[in-house]
Amino acid sequence: MKIATFNINGIKARIGALTDWLSEAQPDVAVLQEIKSVDEGFPREMFEDMGYQVETHGQKSFNGVAILSKLPLEDVRRGLPGDAGDEQARFIEATVCGEVPVRIFGLYLPNGNPAPGPKYDYKLAWMARLEDHVRAALALEEPLVVCGDYNIIPQPEDAARPDAWRKDALFLPASREAFRRIVALGLTDAFRATHPHMPPSPPPQQFSFWDYQAGAWNRNDGIRIDHLLLSPQAADLLRLCEIDSDVRGREKPSDHVPVWIDLAA
DNA sequence: ATGCCCATTTGCAATGGA
């Protein structure tokens with residue numbers, strides 16, 4: 001089962017790039033962030049015609065998440081529990097009914113800049129809610145994939161220029177601590193698990209985001225902020241995790257690229 | 001040190017992104 005996460009930065013602007021990538025990559029499940037569309041505005045028929053079931057949780061102009069799946073989806077839920085007053089569309093979950101059922105959490109974690117400030121407080125509060133929700137899901141001891149745009153640079157090796165991010169909400173110590181607390185519940189970073197750091201020959205750096213500005217892509221000035229975290233039962237099925245970096249060099253690209261796993265399920 | 005670019009908006013300048 002191939003499961004991909006992809007921040008598309010606007011569905012209207014990305015219809016061509018997304019359908020091209022889906023056609024060639026053929027993921028069973030595509031978890032999307034920043035659709036920047038209300039549910040009624042999402043071109044669902046286009047993806048249904050490609051064989052996908054389409055579940056969206058959108059809002060006007062900003063944010064918005066979706067799950068496209070070639071396998072049946074069950075128990076679709078929208079919104080991150082823990083704050084009934086939170087109106088930002090940043091979370092969707094569903095169970096993919098393959099040979100082995102896999103629960104998928106699709107998230108678009110708040111950016112949090114500028115830090116400190118109310119936006120940063122919202123980011124940390126959102127992460128605390130995510131931690132609670134993941135803890136409860138892990139208690140079921142089933143295959144679970146918690147994936148999306150985390151807006152977190154976990155380690156210095158996940159940025160081309162880590163010093164440039166020291167005071168940014170994506171790399172502040174409190175942000176990374178909150179991320180580590182979630183991982184420490186018992187999740188495995190699929191990319192790190194399949195691309196282990198083995199000094200003195202570390203693997204080449206790979207990123208999932210390059211800013212549109214200042215020729216970041218051409219200079220490979222990127223960061224790795226899109227992650228797939230796996231429960232132990234999902235990690236047991238992990239075969240492969242790769243980043244489709246070449247997508248960033250195409251026409252009208254998103255500033256993020258797809259990251260995907262292959263599970264033996 | 002600052003801005004660079006891109007997407008969206010009951011749009012034509014402002015906001016959010018990271």
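Just so we're on the same page: letters track the sequence lines, and every chain starts at 1.
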[M] and [N], which share atom name [atom1], separated by this distance in whole Å:
| N | M | atom1 | result |
| --- | --- | --- | --- |
| B:dT8 | B:dT2 | P | 29 Å |
| B:dA1 | B:dG16 | C1' | 23 Å |
| B:dG11 | B:dA7 | C1' | 12 Å |

Task: With sequence neighbours excluded, residues passing ring pair (Phe, Tyr, Trp, His ring centres under 6.0 Å) with A:W165 - done: none
TODO: For A:H133, check ring pair (Phe, Tyr, Trp, His ring centres under 6.0 Å) against everything at least two apart and list the hits.
DONE: A:F91, A:F105
- [ ] Report yes if at least one side-chain N or O of A:N7 is closer than 4.0 Å to OP1 or OP2 of B:dA18; otherwise report no.
- [x] yes
Open item on the list: Counting only side-chain nitrogens and oxygens, does A:H256 get under 4.0 Å of the OP1 or OP2 atom of B:dG17?
Closed with: no
Task: Set of residues satisfying salt bridge (charged side-chain N to carboxylate O under 4.0 Å, His left out) with respect to A:D132, sequence neighbours excluded - done: A:R135
TODO: Pick base, sugar-phosphate or nothing for A:D255, based on heavy-atom distances below 4.0 Å to the nucleic acid.
DONE: nothing
Task: Sugar-phosphate only, base, or nothing, as touched by A:D149 at under 4.0 Å among non-hydrogen atoms - done: sugar-phosphate
Task: Residue pairs, two or more places apart or on separate chains, that pass ring pair (Phe, Tyr, Trp, His ring centres under 6.0 Å) and touch residues 220-251 of chain A - done: A:Y150-A:H227, A:F179-A:H227
- [ ] Not counting sequence neighbours, list each pair that qualifies as a ring pair (Phe, Tyr, Trp, His ring centres under 6.0 Å) and has a residue in residues 246-265 of chain A.
- [x] A:F209-A:H256
Task: Residue A:R90, side-chain heavy atoms: nucleotide from B:dG17, B:dA18, B:dC4 that is nearest - done: B:dG17
May I have the list of side-chain donor-acceptor pairs in residues 137-146 of chain A shorter than 3.5 Å, sequence neighbours left out?
none

TODO: Give, ordered by number, those residues of residues 105-115 of chain A having at least one heavy-atom distance below 4.0 Å to an atom of DNA chain B; if nothing qualifies, reply none.
DONE: A:Y108, A:N111
- [ ] Send over the distance from A:L170 CG to B:dG17 P, rounded to a whole Å.
- [x] 11 Å
Open item on the list: What is the separation between atom CG on A:D168 and atom P on B:dG16, rounded to the nearest whole Å?
Closed with: 16 Å
TODO: For A:Q88 and A:N63, test the side chains for any donor-to-acceptor distance below 3.5 angstrom and give the result as yes or no.
DONE: yes
Task: Which residues share a side chain to side chain donor-acceptor pair (under 3.5 Å) with A:D75, sequence neighbours left out - done: A:R77
Within the sub-3.5 Å range, which N or O atoms of nucleotides 6-12 of chain B have a protein N or O partner, and how far apart are they?
{"unit_1": "B:dA7", "atom_1": "OP1", "unit_2": "A:R14", "atom_2": "NH1", "d": "3.3"}
{"unit_1": "B:dA7", "atom_1": "OP1", "unit_2": "A:R14", "atom_2": "NH2", "d": "3.4"}

